[in-house]
Amino acid sequence: MSAEQQPTPDAPNPERKSLDDRAKMTELERIRHSAAHVLATAILRLWPDAQFAAGPPVENGFYYDVDLAHRISPEDFPKIEEEMKKEIKANNTFERIVVTREQALQDSASGRLGGLAERPGNVSKFKIGNLEAIPAGEEITYYRNGDFLDLCAGPHVMRTGNIGAFKLTHVAAAYYKGDEKGPQLQRIYGTAFKNKTALDEYFKMIEEAKRRDHRKIGAEMGLFAIDTEFVGPGMPLWLPKGTVLVEELEKLAKETEFAAGYVRVRTPHLAREKMYKTSGHLPYYADSMFPAIKLALDEKQLAEIDRKIKGLEKKISELDTDIHNIEDKKVVSGITEEDEEGLGEDEFREGNFQQQLDKLMAARENGDRYYLKAMNCPHHHRIFAAEPKSYRDLPLRLAEYGTCYRYEQSGELFGLMRVRSLNMNDAHIYCTEEQFAEEFHAVNDMYLKYFKIFGLEKYQMRFSTHAAEGLGKKYVNEPELWKKTEDMVRKVLIESGINYVEVANEAAFYGPKIDVQVWSAIGREFTIATNQVDFAVPAKFGLTYRDKDNTNKTPLCIHRAPLGTHERFIGFLIEHYAGNFPLWLAPDQVRVITLNDDEALIAYAKGIVNELRANMVRVESDFSATPFKAKIADAEKTRVHTMLVIGGRDMEAGVVSVRLHHGGPQGAKPKAEVVADILASIKERRA
RNA sequence: GCCAGUUUAGCUCAGUGGUAGAGCAGCUCAUUCGUAAUGAGCAGGUCGUCGGUUCAAGCCCGACAACUGGCUCCA
């Protein structure tokens, strides 16, 4: 499975953990880290020339990175596990040995480190790399179990026999020290627990995770389809039932944003090249954008350009002659002040013409170039620019569910969570510095309001700031503005009492940002929403407003997307609710089921259906003669939120029997009460 | 993009070189029932695509594509 093998968010590189952090390793982590050493021992018995890099414990197990000519596949796992069992049965102690750096380098050169014995000619190259990462003055230690000797700061369990239960799970490629350009190693993943019971429980949990997988539930419930053959990978089609989710979310966003003073706009999915050159996204992000759409020029446009080119060429050649004439004159009569000026001017004009000519030639060659938008901000900036703005217009909050296209690498696509076409709950707030704190506060409150509606209890805001050394490179060179905006954001976060962590050197190039991480019910972690401050791009587009003092000023811009994209947010909600959506969101809200197909009964049931439909409730009817238990089973499988099961007794008493997908039979209640309750639950968006 | 694995009916899967199978879903007919599955019948597949080996390929080999799990990336 997925997330469980990922390193924990705050420890992506456990090998760089400080010794203090290491001492804090839990018993389970010690077991897993020890299992990694046992794994290495086993691999060496089978392939003695294997070279090892790092083997830390991770969230749900451990791995060890190995360089080996043999390609390890899951078919090799049983024999590796066999060797591991032998090492565990031998119950060797994990012996800690303190060495000097010289000794460690020597043992790397001889191939002893990360091996069962000396391996002449087979240098422990990755261990040398790891040694270099150990700061001078820090103690260098080995750990040894049986013949296996490894550079390691520990800690470990006492003996290999303390590893209660383990299993190898999968193999993947990984880059040495996470560097894409570095050597690629084979990463063998496994998991280990104190005992067999805990191991079995873990695999049960994995099964549960698979059951809740949004791709599986999405197919079962008919929410979305990904048609790679005709539409393309990463471009989901929203089926009717999935579209219900999309539109309910949009409705929620529109209501919330309307109440918060936003105005809605709509923009095209394409823009000319100039747009992204100006915003700074081209060429830096060109790789993540779909390639340009090139429009060839028609004959009329070509003729017009050719005419202009000819005219320019003529002017340039005339100026050339003039310049030569002047230069000839200089040779004969010496240089006068006047000539000097004339010469400079002509050359300047010639350069100017040449530039125009180059532009025309390029235009002739490239035609018109359009890009699918990968973000909405530039379009919104042009909306800001479309009409003159006064300070009285600010803050201006432009909102749009904008469709963007990003050419994500094929290996990164993942169901609805990582796609190439996405619908963003986007808005850009243009405001003055004085208005900033209040606006940012309001945005945060909106996040919290949404979390409450969806019952998200486990979330974390990740506040990404700049780093001084990146100024002018990774970040716009405005040290004071960085400090000012970061202070403002930090203040808001602290005042709101929000759970957040601050991470340096991860800001956007135009300002600090806050990413919201959430964990789905099965423990998968996602960045679901983003909130960014931009004090750079509005200036690039020359956006200004007329201030009280009658001067033009550039506004600050807040980019915010509290519901992220429909794709990721719905993918997340599917797993969060395991497909059992609350009534307001459920694609199938109500199904009216009759006990049989008696005419009078159907007439009574139809009355209820009609009343609910008239109130915009998504209600279906199942009045067929099929045994009603089968009809209930069908409704349950479809995850219909509320089933109204009606028989002759109900009809006579003017009641309906309610059954909830999440809660079973609720007994009979008066018809009017049931209808009123359904409508209220939807209106209030009850959980 | 990189490494490993996978791809057979709408879905879940069986099928180790000799004429493509099951369950569920679908359609037709019968069934008239008090809270999770009534029965019978019908229909559904160029076995991901292209190429190769073979008398014979779903099965063996190769290339490509998509998907899955990781790695890298994620404005």
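Side chains included, hydrogens not; waters and symmetry mates left out as well; all remaining heavy atoms used. Just so you know, these numbers come straight off a predicted model, no measurement behind them. Every chain is numbered from 1 and lettered A, B, ... according to where its sequence line falls, protein lines coming before strand lines.
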- Message: E636(A) vs T638(A), test: side-chain hydrogen bond (donor to acceptor under 3.5 Å, both in side chains). Steps then yes/no.
- Response: CA-CA 5 Å; E636(A) 288 283 356; T638(A) 316; over 6 Å; no
- Message: From the set rC71(B), rU35(B), rC3(B), return the single nucleotide nearest to any side-chain atom of A174(A).
- Response: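 Of all the options, the side chain of A174(A) is nearest to rC71(B).
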Counting only side-chain nitrogens and oxygens, does [X] get under 4.0 Å of the OP1 or OP2 atom of [N]?
X	N	value
R215(A)	rG69(B)	yes
R659(A)	rG34(B)	no
S410(A)	rG1(B)	yes

Tell me if the side-chain of [X] makes a donor-acceptor pair with the base of [N], cut-off 3.5 Å, by modelled atom types.
X	N	value
R406(A)	rC73(B)	no
R187(A)	rC3(B)	no
Y63(A)	rG69(B)	no
T169(A)	rG69(B)	no

- Query: Can D67(A) and K125(A) be counted as an ion pair, charged N to O under 4.0 angstrom?
  - Reply: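 A salt bridge links D67(A) with K125(A).
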- Query: Which of these, H380(A), R382(A), E400(A), sits in a side-chain hydrogen bond (donor to acceptor under 3.5 Å, both in side chains) with T267(A)?
  - Reply: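 Result: among H380(A), R382(A), E400(A), E400(A) is the only option passing the side-chain hydrogen bond (donor to acceptor under 3.5 Å, both in side chains) with T267(A).
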At under 4.0 Å between heavy atoms, what does [X] touch on the DNA or RNA strands: base, sugar-phosphate, or nothing?
X	value
D650(A)	base
G648(A)	base
P233(A)	sugar-phosphate
T527(A)	nothing
A374(A)	base
F509(A)	nothing

Could you measure between the two [atom1] atoms, the one in [N] and the one in [M], and give it in whole Å?
N	M	atom1	answer
rC11(B)	rU7(B)	P	14 Å
rA20(B)	rA63(B)	C1'	26 Å
rG44(B)	rC27(B)	C1'	11 Å

- Task: Assert yes or no for the condition that the ring centre distance of Y64(A) to F52(A) is strictly below 6.0 Å.
- Result: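 Y64(A) vs F52(A): aromatic centres under 6.0 Å.
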- Determine whether the aromatic ring centres of Y189(A) and Y63(A) lie less than 6.0 Å apart.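 Yes.
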- Query: rU7(B) pairs with which nucleotide, Watson-Crick or G-U wobble, both distances below 3.5 Å?
  - Reply: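 Paired with rA65(B).
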